[in-house]
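Down below is the structure, laid out as structure tokens.
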Number of protein chains: 4
Amino acid sequence: MDEEQVSRRPGGRSARVRRAVLDATLAVVADQGLDKFRVGDVAARAGVHETSVYRRWGTRQRLLVDALFHHSEAQMQIPDTGSLRADLVAFTHSLIGYLSSPLGAAFMRVMAVVNDDAMPDSRAELWRSRVDLARTMIDRAAARGEVREGTDARLVLEQLIAPLHFRVLLLREPLDEDLAEQLVDSLLRGIAR
Amino acid sequence: MDEEQVSRRPGGRSARVRRAVLDATLAVVADQGLDKFRVGDVAARAGVHETSVYRRWGTRQRLLVDALFHHSEAQMQIPDTGSLRADLVAFTHSLIGYLSSPLGAAFMRVMAVVNDDAMPDSRAELWRSRVDLARTMIDRAAARGEVREGTDARLVLEQLIAPLHFRVLLLREPLDEDLAEQLVDSLLRGIAR
Amino acid sequence: MDEEQVSRRPGGRSARVRRAVLDATLAVVADQGLDKFRVGDVAARAGVHETSVYRRWGTRQRLLVDALFHHSEAQMQIPDTGSLRADLVAFTHSLIGYLSSPLGAAFMRVMAVVNDDAMPDSRAELWRSRVDLARTMIDRAAARGEVREGTDARLVLEQLIAPLHFRVLLLREPLDEDLAEQLVDSLLRGIAR
Amino acid sequence: MDEEQVSRRPGGRSARVRRAVLDATLAVVADQGLDKFRVGDVAARAGVHETSVYRRWGTRQRLLVDALFHHSEAQMQIPDTGSLRADLVAFTHSLIGYLSSPLGAAFMRVMAVVNDDAMPDSRAELWRSRVDLARTMIDRAAARGEVREGTDARLVLEQLIAPLHFRVLLLREPLDEDLAEQLVDSLLRGIAR
DNA sequence: GGATAAGCGAGACGGTACGTCTCGTCTTTTG
DNA sequence: CAAAAGACGAGACGTACCGTCTCGCTTATCC
């Protein structure tokens, strides 16, 4: 009875399965790590049959990308404090937080490994939208005259965030919280007028 | 010394097998790409039995790390032109060349994916030795008074090379040759006294 | 009942695979002999993937036991002629026929070699059911007053059939057809004057 | 000094290796069982290099046959009590003892499994010599008039010992000590009323 | 007593088959 | 019709053990 009421809700069984699988995906990645992530485990954890996963997502990679990408989307916040330095530090802080989490690290590893045909949109598109979002910090600073003319916003952002990814993906070192200020300062002394 | 531990007789069967397999590994990675890299293919190409590969390297991953790591070692050159900017540009250029090659890109993907227990020495050790090598450029410049005091050499290097890895691993964009100068200049304006 | 547990749908893919593999097993044993029996050959012959065999039977040994055991079951006939001697002779004849066949000999070698944990039921259980079947011959004779009181039916049967197995397994001699009568007579009369 | 004296003894190093390996073979079979019998273990236990084993015996099977066969030879005793029944009972007793030991059981399994080309002499020859030895019991009894004329000594012996092998090889049941008398009596008297 | 043949130690390799792991697909039944 | 259930197809991985090969060295034997 109770069960039936649940199943009649808008979205019905399909939506429930989708949510359950995505949640289970995140849970398994967080618990087991990317290496031991198995589609079968996800299905079991979601209380769903493995075939249902494959029906919907087709491949393990697509499932991972779908789940992790949407999860990462919620994490991204562009601060607006009125000061470039403060903005960048805050932004970097939150990125450090994300990349230090199992899911954040896993997402980056997935992005590093995955073949492009497992991506919903093109890989370039995906990153562009994020960079565009982040560059508003630079643009606003430029409007305030805080930034040297001719500064390449994208390059600046990459010099800011690439070291974080570098450490997470390749060095596998924990990200120090101080890193945010160090990076931003090193960067600003270069680009500040 | 190291060589002797692996195989007592430099011309012996052992040494031949080792060389043949490592060469074949690089060849297969370059030809087929990392995804289609199969231990069996390597063995066939090396004219060696598959079990011999497993005997020595144990796993596909360890084989990849061994071959790609040693290959990458030969690529690293630290220039000494007398000018920090010229050194860094030259260094970055050669790194761009390496990372643009199939083997370079493959090595970075391997490093991003591989579990630490497939590594011969600790991952930290491995990178430290390279960073130490690279920082001689900075140290020399510091001795010449080209560098602001208090500059963190490691951080600087990471801000220089991380964007390259970032693009190769995550963006999958080709590395523009101009990038070298852009990065170095952006960096120097920050650290130059 | 048993069949239903293995595969719910008698005509389904599962059942087809099962039959095909068991048949192929017998065919390969008969053709190639036990030594050259390879799981891969069976799969190929059955038109089935090797993993499907391992999924179901787990090991080469279990597959052999399953196939040969069920095959042997169909061979066992208990005659009822009204005379103990005639019964035993007929029974022994058919056993000689079976043990002289490649499959019969192979089954005995398998039983001699196989570890108990490759057996579906306990080894004791398996033989008991057969002995129980065979002892009906003795029991009927006892009811007819043909047998000395106190005769141990099991022991008698073993003295009848063990020499056949002995020759097949250890001597590797062909079983003479006359052997049936010789054994039965020796058994019935004893050798003491 | 002492060492040198030992090594100069007739047979020298070779003979020492041979003995050590054969002893180790028996020990490993007795300890580990036939299934887990590995040539490498034997070599290790004998304090000898694996290659030395292969040099001499060529195959695992030949090593097993050699070691177990010679060991079994020492076990066989033909009693001479003056009474057929007593002789047979004593003989059977000792056979039960042997077959109940790990080495005895293992030897029979080896004989059941081994290909004939691993045998030093022909298989038939090997058994014949033993049967001939055993039949002296019957022959002596015949000379004493204890045995019905026309009795086939070989068949009788097989009916006596085959059940023991049957139980060891196929039933894997422990051999009861009483079995000796039961078998002998059943054999001597027959079961017909 | 020195040459020489036979055999051993050491270490890896060749080779065959086994069994495992996971992904992704297919079929049949069920709500 | 979509999902549950359960096996199958496919392909690679890694393992286990057998038996072989090469080389350097030691030991027994022969002249």
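Just so we're on the same page: letters track the sequence lines, and every chain starts at 1. We use all heavy atoms of the structure for the numbers below, so side chains are in, but hydrogens, waters and symmetry mates are not.
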Check side chain to side chain contact (heavy atoms under 4.5 Å, CB included) between [X] and all other residues, then give those that pass, not counting sequence neighbours.
X: A105(A); result: V168(A)
X: V39(A); result: E50(A), V53(A), Y54(A), R60(A)
X: A46(D); result: A20(D), V21(D), A24(D), V48(D)

d(M108(D) CE, S72(D) OG) to nearest 0.5 Å is 6.5 Å
d(R109(D) CZ, L68(D) CG) to nearest 0.5 Å is 11.5 Å
With sequence neighbours left out, the residues meeting salt bridge (charged side-chain N to carboxylate O under 4.0 Å, His left out) with R45(A) are D31(A)
For R38(C), the salt bridge (charged side-chain N to carboxylate O under 4.0 Å, His left out) test, sequence neighbours excluded, returns none
Atom [atom1] of [X] and atom [atom2] of [N]: how far apart are they, to the nearest Å?
X: R62(D); N: dC18(F); atom1: CZ; atom2: C1'; answer: 14 Å
X: N115(A); N: dC23(E); atom1: CG; atom2: P; answer: 16 Å
X: R60(A); N: dC23(E); atom1: CZ; atom2: P; answer: 6 Å
X: R56(C); N: dG6(F); atom1: CZ; atom2: P; answer: 13 Å
X: D41(D); N: dG19(F); atom1: CG; atom2: C1'; answer: 16 Å

Could you tell me whether the side chain of S14(C) has a donor or acceptor atom within less than 3.5 Å of a complementary atom in the base of dA7(F)?
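For S14(C), whose side chain was compared with the base of dA7(F), there is no donor-acceptor pair (under 3.5 Å).
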Notebook entry, point to check: Is there a donor and acceptor pair, one atom on the side chain of H49(A) and one on the base of dA3(F), closer than 3.5 Å?
Noted result: no
Is the distance from OP1 or OP2 of [N] to the nearest side-chain N or O of [X] less than 4.0 Å?
X: Y54(A); N: dT25(E); result: no
X: R16(C); N: dT27(E); result: no
X: R38(C); N: dA17(E); result: yes
X: S52(A); N: dA4(F); result: yes
X: R55(D); N: dG7(E); result: no

Notebook entry, point to check: Toward the 5' end of DNA chain F, which comes first, T51(A) or Q61(D), by nearest nucleotide?
Noted result: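 Closest to the 5' end, via its nearest nucleotide, is T51(A).
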Result for 5'-nearest mapping on DNA chain F, choosing between V17(C) and G58(B), is V17(C)
Heavy-atom nearest nucleotide on DNA chain E taken for E50(B) and for V39(C); more 5' hit belongs to E50(B)
Contact check, residues 23-36 of chain D vs DNA chain E, heavy-atom distance under 4.0 Å, returns none
